[in-house]
Amino acid sequence: MLDRAPGIRTGLRRFPVRKRSRRKRQPKEPIPAVVDIKSAAASDPSAALRRILSYDNPHLHDYPACSALLYRLARARLFPEVDSLLLFVCSQRVPCRDSLFSGLIRHFDRASLPHKALSLFFSIPSFNCPPGSPSLQTFNQLLDALVNNGCDDEAEALFDRCSEFRLLPNAISYNILLKGRLRRDGYISARKLLDEILKRGFCPSVVTYNMLIGFVGRNGDLGISMDLKDEMIRRGIYPNAITYAIIMEGLCSSGKYDAAKKLMFDMEYMGCKTRLVNYGVLMSNCGRRGDLNEMNELLAEMKKRNIKPDDVTYSILINYLCANGKVDEAYKVLVEMQVKEGCKPNSAMYRMMVDGFCKIQNFEKGLALLNAMLASGHCPRSETFGSLISGLAKDGRVNDACFVLEEMEKRMLCTCVGAWYSLVETVCVKRDDGADLLSGLLAPTLG
DNA sequence: GTAGGGTTAG
């Protein structure tokens with residue numbers, strides 16, 4: 001990993017910089033069957049799965065097609081379909097790369113399914129994958145999935161069993177454990193773990209310190225975070241843009257926005273180039289305080305300094321515009337992003353927009369955004385589905401509400417009581433054929 | 001970015 005931006009001037013001398021090799025890779029010829037299954041998966045992942053399982057094209061039974069579809073299915077949270085396809089891939093001895101498993105484990109992590117991640121990991125040997133699988137990267141991905149979902153004991157137990165998989169933990173494995181320890185037991189306990197692993201020859205990295213600095217900063221201990229920054233420099237580990245962003249975040253959350261802004265300019269003198277993430281910290285803080293003017297000014301300043309906004313920047317803008325009730329303005333930003341940057345909206349952006357339109361009671365626009373979201377293979381959270389169902393029902397749009405309900409059921413998400421209540425109320429009170437509709441609605445869930 | 005390079009901090 002690149003710890004420092006290339007060619008940084010540190011004030012005293014230039015440090016040698018590891019440059020990432022940028023070998024020009026020949027773009028590979030796209031495989032027609034894969035392109036085909038990808039576009040099929042984008043419109044209807046379940047139908048694409050049926051095609052693969054129905055043996056209608058032997059080219060679909062190779063690794064690229066299966067892994068592309070697995071990824072789409074996982075992204076759309078269609079986990080039962082993921083399981084069916086995995087079963088197929090395993091039983092048909094389709095050759096698999098290890099990266100497929102680490103990718104899926106990441107999805108299980110994000111969907112708060114750590115135990116599915118764990119069982120997938122243990123099933124890797126039953127797949128047709130190259131010797132040396134699971135790799136350390138996949139192992140670390142699993143450790144992270146466990147720690148992120150509060151399964152610290154399982155993570156530590158797994159860590160102790162790493163030799164069973166012929167793996168030797170690296171700095172990343174240790175950092176993940178340290179993250180768990182920080183969150184569960186706090187700074188003092190994590191510091192103890194750090195001392196222990198230092199004795200075992202572990203070399204802390206800039207990430208190690210960034211985690212510690214972030215933790216104390218979130219608790220308002222700005223003094224300790226500055227001490228940690230000095231300590232890392234003494235050890236020859238140099239703060240990067242993320243380190244400064246984390247310190248700036250600590251300052252902002254203690255109400256010291258101006259000091260954070262000053263630090264963003266000072267970091268350049270310390271030899272560290274300002275990056276998007278630093279602007280992101282300031283913009284988020286402005287958004288939280290409702291200072292949308294300053295937020296827009298920061299955006300203009302970034303552009304002036306030739307720092308191109310990315311998807312994270314757009315997420316921040318959309319999030320806080322929506323939170324401050326400027327949903328139409330947020331929608332303009334979403335459109336501008338697609339037109340000017342050619343950047344596709346991600347799950348979070350769609351979710352913020354659907355929630356935003358629900359919040360200002362524009363359920364029609366909310367439904368339109370939901371459709372765009374589903375069409376691009378993203379899956380809303382159940383709360384988003386719920387508020388849309390409630391809203392559509394209260395507007396008397398029972399058919400639309402039922403459509404949303406069905407989409408939700410396909411993804412095994414539970415409908416909250418409030419949404420059901422609104423729907424039932426609309427059906428019973430506002431329509432004559434209430435009883436028929438109600439039994440129709442209940443049939444799929446009771447059956 | 002998840003086929004084709006891309007683990008941990010944000």
Side-chain angles (χ1 to χ4, degrees), chain A residues 1-3 20-35 37-38 41 62-75 82 94-110 117 134-148 155 159 167 169-183 190 202 204-218 225 228 232 237 239-250 275-281 283-284 310-313 315-316 343-344 346 377:
Chain A
M1 185 187 163
L2 200 71
D3 291 347
R20 197 183 292 228
S21 65
R22 288 223 179 261
R23 272 179 296 135
K24 281 263 181 227
R25 295 182 70 86
Q26 284 296 330
K28 291 191 181 171
E29 212 37 44
I31 304 167
V34 174
V35 175
I37 203 77
K38 270 190 172 175
D62 61 4
Y63 175 71
C66 289
S67 62
L69 182 56
L70 272 170
Y71 165 53
R72 300 283 164 143
L73 291 169
R75 194 176 71 173
V82 168
V94 176
C96 294
R97 278 168 199 267
D98 180 73
S99 58
L100 172 70
F101 300 105
S102 65
L104 283 177
I105 288 173
R106 204 182 166 97
H107 278 291
F108 287 140
D109 175 4
R110 289 177 180 167
S135 67
L136 182 58
Q137 183 179 327
T138 302
F139 177 80
N140 285 340
Q141 201 74 255
L142 175 63
L143 272 185
D144 199 39
L146 293 172
V147 163
N148 289 339
F159 184 88
L167 294 171
N170 63 3
I172 294 173
S173 330
Y174 283 114
N175 281 338
I176 294 167
L177 284 195
L178 206 62
K179 174 170 74 174
R181 192 62 77 89
L182 265 175
R183 197 160 37 201
F202 159 73
S205 65
V206 63
V207 176
T208 317
Y209 276 96
N210 285 352
M211 287 192 306
L212 294 171
I213 291 174
F215 184 84
V216 297
R218 280 191 291 277
S225 65
L228 281 165
M232 67 192 277
I237 302 162
N240 61 14
I242 308 287
T243 316
Y244 285 104
I246 291 168
I247 300 175
M248 285 167 61
E249 205 148 60
R275 281 182 16 195
L276 271 171
V277 60
N278 305 101
Y279 274 99
V281 169
M283 286 174 69
S284 302
D310 70 349
D311 56 335
V312 179
T313 317
S315 293
I316 294 169
C343 190
K344 277 189 186 161
N346 60 27

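Throughout, a chain's letter reflects where its sequence line sits, starting with A, and its residues are numbered from 1.
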Engineer: Within this structure, what is the CZ-to-C1' distance between A:F159 and B:dT8, rounded to whole angstrom?
Structural biologist: 13 Å
Engineer: Are A:K179 and A:D144 ion-paired here, with the side-chain N under 4.0 Å from a carboxylate O?
Structural biologist: yes
Engineer: From the set B:dT2, B:dA3, B:dT7, return the single nucleotide nearest to any side-chain atom of A:R97.
Structural biologist: B:dA3
Engineer: Which whole-number value in Å describes the distance from A:N170 CG to B:dT8 C1'?
Structural biologist: 9 Å
Engineer: Between B:dG6, B:dG10, B:dT8, spot the one nearest the side chain of A:Q137, thanks.
Structural biologist: B:dG6
Engineer: Look at the side-chain N and O atoms of A:S67 and state whether any lies under 4.0 Å from the OP1 or OP2 oxygen of B:dA3.
Structural biologist: yes
Engineer: Using the P atom as the point on both nucleotides, what is the distance between B:dG1 and B:dT8, in whole Å?
Structural biologist: 16 Å
Engineer: Using the side-chain heavy atoms of A:I176, tell me which of these nucleotides is nearest: B:dT8, B:dG10, B:dT2.
Structural biologist: B:dT8
Engineer: Of the options B:dT2, B:dG10, B:dG6, whose atoms approach the side-chain atoms of A:R110 most closely?
Structural biologist: B:dT2
Engineer: So, do A:F159 and A:Y174 have ring centers that fall under 6.0 Å from each other?
Structural biologist: yes
Engineer: Could you check how far CG of A:N140 sits from P of B:dT8, rounded to whole Å?
Structural biologist: 9 Å
Engineer: Would you please name every residue forming a ring pair (Phe, Tyr, Trp, His ring centres under 6.0 Å) with A:F215, sequence neighbours left out?
Structural biologist: none
Engineer: Distance check needed: B:dG10 P versus A:N148 CG, whole Å only.
Structural biologist: 10 Å
Engineer: If you only use heavy atoms from C-beta on, which nucleotide in B:dT7, B:dG10, B:dT8 is closest to the side chain of A:I242?
Structural biologist: B:dG10
Engineer: Regarding A:S102 and A:S99, is there a side-chain donor-to-acceptor distance under 3.5 Å anywhere?
Structural biologist: no
Engineer: Could you tell me whether A:R218 contacts a base, only the sugar-phosphate backbone, or nothing, with contacts defined as non-hydrogen atoms closer than 4.0 Å?
Structural biologist: sugar-phosphate
Engineer: May I ask you to verify if any side-chain N or O of A:R75 is less than 4.0 angstrom from the OP1 or OP2 atom of B:dG1?
Structural biologist: no
Engineer: Consider side chain to side chain contact (heavy atoms under 4.5 Å, CB included). Of A:I172, A:I105, A:L167, which one does A:F139 pass it with?
Structural biologist: A:L167
Engineer: Could you tell me how far apart A:D62 (CG) and B:dG4 (P) are, to the nearest whole angstrom?
Structural biologist: 13 Å
Engineer: Looking only at the side chain of A:Q141 (C-beta and beyond, no hydrogens), which of the listed nucleotides B:dT7, B:dG4, B:dG10 gets closest?
Structural biologist: B:dT7
Engineer: Any base atoms under 4.0 Å from A:A68, or only sugar-phosphate, or nothing? Heavy atoms, all strands.
Structural biologist: sugar-phosphate
Engineer: Mind calculating the distance between OH (A:Y63) and P (B:dA3) to the nearest angstrom?
Structural biologist: 6 Å
Engineer: With respect to the side chain of A:R106, which nucleotide from B:dG10, B:dT8, B:dT2 is positioned closest?
Structural biologist: B:dT8
Engineer: Please report the distance, rounded to the nearest Å, between NZ in A:K344 and P in B:dT2.
Structural biologist: 11 Å
Engineer: Would you mind reading off the distance between A:F139 atom CZ and B:dT8 atom P, rounded to a whole angstrom?
Structural biologist: 15 Å
